[in-house]
Amino acid sequence: MSSRGSTIHEAARGFEHAPKPYEIGRPPYPTEAIERLVAELGIEDGRRVLDLAAGTGKLTRLLVPTGAFIVAVEPVEAMRAALTKSLAEVEALAGTAEAIPLPDGSVDAVTVGQAFHWFDGDAALAEIHRVLRPGGRLGLIWNVKDESVDWIEKLGGIMEAYRGAAPRVASGAWKDAFDRTRLFTPLQRARFSFVHEADFAAVVARVTSVSFIAALPPAEFARVVDQVRRLLATHPETKGRSTFELPYRTGVYWCTKA
Ligand SMILES: C[S@@+](CC[C@H](N)C(=O)[O-])C[C@H]1O[C@@H](n2cnc3c(N)ncnc32)[C@H](O)[C@@H]1O
């Protein structure tokens with residue numbers, strides 16, 4: 001697999017249109033999961049942490065209270081601008097996982113929220129290894145919709161029709177680079193679950209925050225919103241409701257620089 005260097009996956013460019021729906025529609029990470037990530041990575045006052053692919057700062061802002069010095073790296077300007085607006089104290093740099101704009105051995109830990117599946121895994125692991133100090137740790141976290149619930153599966157189906165070549169977290173393909181690498185110890189994992197309470201606008205934003213939906217031409221985009229409206233109005237689990245419970249599973253993964 002070749003490195004994309006300073007470019008990102010074609011479909012990830014859709015995040016340019018996504019900062020607002022991302023903030024409204026994506027749930028925060030659950031407290032227990034963040035506590036576990038922070039504990040396993042030894043994130044505390046005085047440590048230097050890179051939050052890679054930081055987006056609008058949904059993970060970054062939960063790391064700030066640890067007192068660690070945090071630097072955020074995010075390639076999409078509109079996402080980075082939203083982060084800077086709400087987290088003025090965090091240094092935010094343009095860059096990719098495959099070309100991290102930091103010196104060798106300069107951070108104690110690297111976090112990646114909801115994003116490793118977008119990377120060229122081999123190139124990203126080599127870069128993360130380079131910027132970590134000896135014995136530094138890498139942590140990954142994802143909130144994934146629980147599609148064992150029927151209306152959530154149908155909501156997922158509306159989005160899937162547009163996925164194209166965009167990578168899917170649930171495929172597990174992102175793990176292949178970890179299986180191949182000798183740069184890190186084997187991944188360890190903890191799992192959590194929670195429910196995100198959302199109103200109609202937030203459910204729509206959950207769908208339109210997805211990069212390849214956010215990038216659709218207006219007429220197609222309106223058709224997607226209409227399908228979501230119809231699903232919520234007609235599905236027995238959501239019909240007549242004004243707030244909706246979206247179940248999520250959270251996976252936390254970590255490993256150490258070998
Ligand atoms: C789903 S968002 C996650 C944002 C944030 N980490 C969070 O927890 O909400 C994925 C982010 O990964 C970024 N991204 C995509 N490809 C990337 C790459 N190759 N290197 C760094 N960031 C990338 C996107 O621009 C987007 O902001």
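For ligands, and for the atoms within them, numbers begin at 1 and follow the listed sequence. By convention here, the first residue in the shown sequence is residue 1.
Atom CG of D45 and atom OG1 of T66 lie 7.5 Å apart (nearest 0.5 Å).
At least one N/O-N/O distance between E74 and ligand 1 falls below 3.5 Å. Taking any N or O of H9, backbone or side chain, none lies under 3.5 Å from an N or O belonging to ligand 1. In terms of polar-atom proximity, W118 is not counted as a contact of ligand 1, lacking any N or O under 3.5 Å from an N or O of the ligand. Between L52 and ligand 1, no pair of N/O atoms sits closer than 3.5 Å.
Residue contact check: A115 has heavy atoms under 4.0 Å from atoms 10 (C), 12 (O) of ligand 1. Numbered from 1 in the order shown, with element, the atoms of ligand 1 that lie under 4.0 Å from a heavy atom of E98 read 18 (C), 19 (N), 20 (N). Below 4.0 Å from some heavy atom of V76 lie the following atoms of ligand 1, by number and element: 25 (O). Residue I8 approaches ligand 1 through these ligand atoms, each under 4.0 Å from one of its heavy atoms: 16 (N), 17 (C), 18 (C), 19 (N). Shown in contact with Y29 at under 4.0 Å from a heavy atom are these atoms of ligand 1, numbered in order with element: 7 (C), 8 (O), 9 (O). Listed by number with element, the atoms of ligand 1 under 4.0 angstrom from any heavy atom of A54 are 4 (C), 5 (C), 6 (N).
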Run the numbers on D226 and R223 for salt bridge (Lys or Arg N to Asp or Glu O under 4.0 Å), then give the verdict. CA-CA 5 Å; D226 199 49; R223 262 198 292 279; over 6 Å; no
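Between W142 and Y253, the ring planes lie perpendicular to each other; the angle is over 60°, past the 30° to 60° tilted range. In this pair, Y248 and F194 present their aromatic rings parallel. The plane angle is below 30°, not in the 30 to 60° band.
Contact check on K154 versus D150 returns a salt bridge, with a Lys/Arg side-chain nitrogen under 4.0 Å from an Asp/Glu carboxylate oxygen. For E160 and R168, the salt-bridge test passes: some basic side-chain N is under 4.0 Å from an acidic carboxylate O.
Among G55, A53, P27, the residue whose heavy atom lies nearest to atom 6 (N) of ligand 1 is A53. Taking only non-hydrogen atoms, the option from F116, F15, F119 nearest to atom 24 (C) of ligand 1 is F15.
Across all their heavy atoms, K145 and I152 have their closest contact at CB-CG2, 3.8 Å.
Counting only residues at least two apart or on different chains, the salt bridge (Lys or Arg N to Asp or Glu O under 4.0 Å) pairs with a member in residues 23-36 are E23-R61, R36-E40.
Heavy-atom separations between M79 and ligand 1 include at least one value shorter than 4.0 Å.
Other residues, nucleotides and ligands contribute only 12 or fewer heavy atoms inside 6.0 Å of the CD atom of E77.
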